[in-house]
Number of protein chains: 2
Amino acid sequence: MPRRSSGRVTLQDIAERVGVSKVTVSRCLREPQRVSETVRLRIEEAIDVLDYIPNRQAGALSSGRSLSVALLVPSISNSVFSEVQRGVDEGLREAGYQVLMGHTGYSILEEERLIDTFLAYGVDGFVLSSTRHTDYAQRLLNRARLPVVETMELTDNPLDINVGLDQRVAGRAIGEALITAGYRRIGFCGARLDYRVQQRLAGWEDALKAAGLSTQRCQTTPRPSSYRLGGELLSAMLERWPDMDAVFCCNDDLAAGALFECQRRRLEVPGQLALAGFNGLDITDATWPTLTTVITPRRAIGEQAARLIVERLQGAPHAPSRHDMGFEIALRQST
Amino acid sequence: MPRRSSGRVTLQDIAERVGVSKVTVSRCLREPQRVSETVRLRIEEAIDVLDYIPNRQAGALSSGRSLSVALLVPSISNSVFSEVQRGVDEGLREAGYQVLMGHTGYSILEEERLIDTFLAYGVDGFVLSSTRHTDYAQRLLNRARLPVVETMELTDNPLDINVGLDQRVAGRAIGEALITAGYRRIGFCGARLDYRVQQRLAGWEDALKAAGLSTQRCQTTPRPSSYRLGGELLSAMLERWPDMDAVFCCNDDLAAGALFECQRRRLEVPGQLALAGFNGLDITDATWPTLTTVITPRRAIGEQAARLIVERLQGAPHAPSRHDMGFEIALRQST
DNA sequence: TTGAAAGCGCTAACAA
DNA sequence: TTGTTAGCGCTTTCAA
C-alpha cells in the first residue's frame, strides 16, 4: 500500500494533466528551451492552474544542490550587519540562490551549532561574519568542501575566501585623525570586546604610542553595547580622567550614547570633549553635532562576498583569497 | 550503476560501522529509549567518530515535516522587528524548530514570493508580520494547511492566528496623552505609510477630533523612515505650521531625527515643541531629553506567536484566534 | 524532443 | 529490540 502522499501537487500531477512524463515537466522547469513549444505552453498552463510549487527538498536531495547559502551574523539587531546582509542577499538572489540567515549572538559555539544545522539543511555555501571559529566548526567546513566567505575583518589564514577591512589599521587611522585635529588626552571606550573591537583598540594604541601619548584612558566592558551603555562608559571615564579631551568609541552606538550623555551634562561637543565612533551608521550623520566616525564598506563587503561565492558555486576553483575593502574616515562636527 | 554519491557520511555508514541496520540508527537519533543501551552507545560513538550530520532534506522528504518555520519581516534593519524575531526564535528553538527568516521590504508582492519560496523549502509554518497579503499568497497559505501567525497589528479576519496590538487605539492613546499634557496644536508626521502607520494616523485623528482640535498639521511621505527624514519632515512642518506645539511621529526613528533637528535649531524640547514617538526602541530612553513613546510588546508578540504555532504543530486544532498584546504609553522628558 | 529506470538519504509501516 | 520494504518528489543517466 502506498504511503499517504502529502496531498501537495507534484511534478507527476502536472505530467498526467498534460499527458507527458514527469521528466519532461522537470526539464521544462530547468531548461525550457529543450522542450517543444507546444508541450512547454501546456505545462506552463497546468502549473498555473494547479498552483504547483516545486519541492525543493526533493530537488536538492536528488541533485545534491540546494540553491541556498547560509549567512551567519553575530546579531540581528545590530544594524551594522543588516547592510552586509543586504549586499549578500541581493547578489545571491540575482544568481538564483536563497539566503538563509542565522545569528550567533557573538558566540563561536553558537556559530558552530548553526554551521551544523545549516549543513544538515544542505546549504551550498557559507558567509560568516568573523574569522574566528571553533576547531570543530572549521573541521566541519573543511570536510564539507563548500565555498566559505569570512567577512568583516581580515586574517592571514582564511578558511577560503576573506572579505573585510583591517580593523586595527582603521582604529589607528581614527586615532591619528584625532591627534592631527589637535587632541592629546584621547580616551577609548569599548564594549563587547569581540575580536574586532580588540583590533580597533590595538590600532588606537598604535596611534597614541606613535605620537608619544598616554594610552591609559581606556574604559572597556564585556557587556553588549547600547546607547545607554555609551552614556555610562562616558560618565565613568569623565570621573576617572576629567582632563580627557577626546574619546574614540569602538562603535557608533556607544558614540551616540556618549553624545547624549554630554548633552545631558551640558558638555560642549567638540568644544569640551570630542567624540568619534566606528562604522558610519545612519545616526552618525543625523545627530547634532554630527559624529566623526570610520565608515566601513559593509554593503560592498556583502556584495563582494556574494560575487565570490557565486563564482565558486559556478565552478571557480578553490583558491584562498583575501580582499581588503578599505574604510573611510568621516570627519564631522563632533571633532 | 549507482549514481555518484555525495561523499557525505550517511546513516548507512554509521549502520555498517556498528553492524546494525540503518533504521536502528535512525531510531536511535529520534527515540533513543527505543534502542538497547549497548547499541545506542556504539551508534553514538560512530556518529562522533565519523562526524555524521543528518540530511534534513531527506528526513523532511520522508516524514513530511521539516522542523522549520518561516518568519517574514518587512525589514531587517528596522530594530522593531529584531525583538519580535528574538521572541519567535527563542520559543521555536526550544521546541526543536529552526527559524528561517526572510524580509519583504514592506512589499506584499515580495511577501508572496517568499511564501512561495519557503513553501518550496517545506517549512511547517509561517509567522508573518502583517495582516495584509496578496490574494495569491492567501490562497497558497490556505491550501498548504499550515499554521500561520499574523503579527504586529490586529485584524477581524485572521487567516489563522493573530497576535498583535491595536495600532489605531495606540495612536489614539498617545494623541490623548498629548492633549492631557496640555498641548493643543498637535502635528503628526509619518513615513512609509504602511498599514500600521495609517492606523496610527487614524488613531491620532480620533483623539484630536474627540477633543475638538484641528487635524490639519499632518505631514506624510511614502519614503522609508530614517533619522534624517525625521529632521526633514519636522523642518517642513515648522515652516507650514509655525504655531505647532507638539508632534506625534509615527515611529521612534522619526522622533529621534526630529529631536536632533530641534537641537540643531536650538528649539527647546519640550519647552517650545513636544515630541512623541512610537515603539519604545532603546534610543528613546537614551537621548536627551528622553522621548515619550508608545511601548509595543514586540518581544512578547514574538514569544506568543512561537507558543501558539508550536501548539498547532503539536496537534492543536485549527481555530482562528486573535490575541491583543496591548501597549504602554511611556511619558518621558520630551513632553 | 521525449521517456524509463535508478537512486538521492531518510522515515513510516509492518513484520519478526 | 531490530529489520525489511516501500516510498517521499525530484534529477540524472542513458536510450529511443
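Order of the sequence lines sets the chain letters (A, B, ...), proteins ahead of strands, with each chain counted from 1.
- For B/Ser63, taking side-chain heavy atoms from C-beta onward, the closest of the listed nucleotides C/dA12, C/dC8, D/dT11 is C/dA12.
- B/Glu45 is linked by a salt bridge (Lys or Arg N to Asp or Glu O under 4.0 Å) to nothing, counting only residues two or more places apart in sequence or in another chain.
- For the side chain to side chain contact (heavy atoms under 4.5 Å, CB included) test with B/Phe126, the passing option among B/Leu140, B/Leu119, B/Leu159 is B/Leu119; the others fail.
- No side-chain heavy atom of B/Arg56 sits under 4.5 Å from any side-chain heavy atom of B/Ser66.
- Note on A/Arg65: a side-chain N or O is less than 4.0 Å away from OP1 or OP2 of D/dT12.
- The side chain of A/Thr10 lies closest to D/dG9 when the candidates are C/dG3, C/dA12, D/dG9.
- For A/Val20 and B/Leu11, each mapped to the nucleotide of DNA chain C holding its nearest heavy atom, the one lying further toward the 5' end belongs to A/Val20.
- Within residues 45-55 of chain B, the residues having any heavy atom under 4.0 Å from DNA chain C are, by residue number, B/Tyr52, B/Pro54, B/Asn55.
- Between the CD atom of B/Glu16 and the C1' atom of C/dC10 there is a distance of 15 Å, given to the nearest Å.
- At its two ends the helix from C/dT1-D/dA16 to C/dA16-D/dT1 runs along axes set 30° apart, each axis drawn from five pairs and the angle rounded to 10°.
- For the pair A/Gln12 CD and C/dA5 P, the interatomic distance rounds to 13 Å; values are reported in whole Å.
- Regarding A/Lys22, its NZ atom lies at a distance of 9 Å from the C1' atom of D/dT11, rounded to whole Å.
- If you run side chain to side chain contact (heavy atoms under 4.5 Å, CB included) between B/Val69 and each of B/Val149, B/Val123, B/Leu146, B/Leu313, only B/Leu313 comes through.
- Across residues 23-40 of chain B, B/Val23, B/Ser26, B/Arg30 each have a non-hydrogen atom less than 4.0 Å from an atom of DNA chain C (numbered order).
- A heavy-atom distance below 4.5 Å is found between the side chains of B/Val20 and B/Val39.
- For B/Arg113, the salt bridge (Lys or Arg N to Asp or Glu O under 4.0 Å) partners are B/Glu110, not counting sequence neighbours.
- Side-chain contact between A/Leu72 and A/Ile115 is present, with heavy atoms from C-beta onward closer than 4.5 Å.
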When the side chains of residues 95-104 of chain A are checked against the rest of the protein, which donor-acceptor pairs come out under 3.5 Å, sequence neighbours left out?
residue, atom, partner, partner atom, Å
A/His103, NE2, B/Gln85, NE2, 3.2
A/His103, NE2, B/Asp89, OD2, 3.2
A/Thr104, OG1, A/Tyr106, N, 3.2

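- Of all heavy-atom pairs spanning A/Ala137 and A/Thr134, the tightest one is N-OG1, 2.9 Å.
- Atom CG in B/Leu61 sits about 12 Å away from atom P in C/dA12, given to the nearest Å.
- Dashed line: the shortest gap from a side-chain N or O of B/Ser62 to OP1 or OP2 of C/dC10 is not under 4.0 Å.
- Considering only heavy atoms from C-beta on, B/Glu150 comes within 4.5 Å of B/His133 through its side chain.
- Environment of CZ in B/Arg145: sparse, with no more than 12 heavy atoms of neighbouring residues, nucleotides or ligands closer than 6.0 Å.
- Closest approach of A/Ile309 to A/Leu92, counting heavy atoms only: CG2-CD2, 3.4 Å.
- A/Leu67 has its CG atom 20 Å from the P atom of C/dC8, to the nearest Å.
- Rounded to an integer number of Å, the gap from CZ of B/Arg8 to P of C/dG9 is 8 Å.
- Atom pair B/Asp13:CG and C/dC10:P shows a separation of 9 Å (rounding to whole Å applied).
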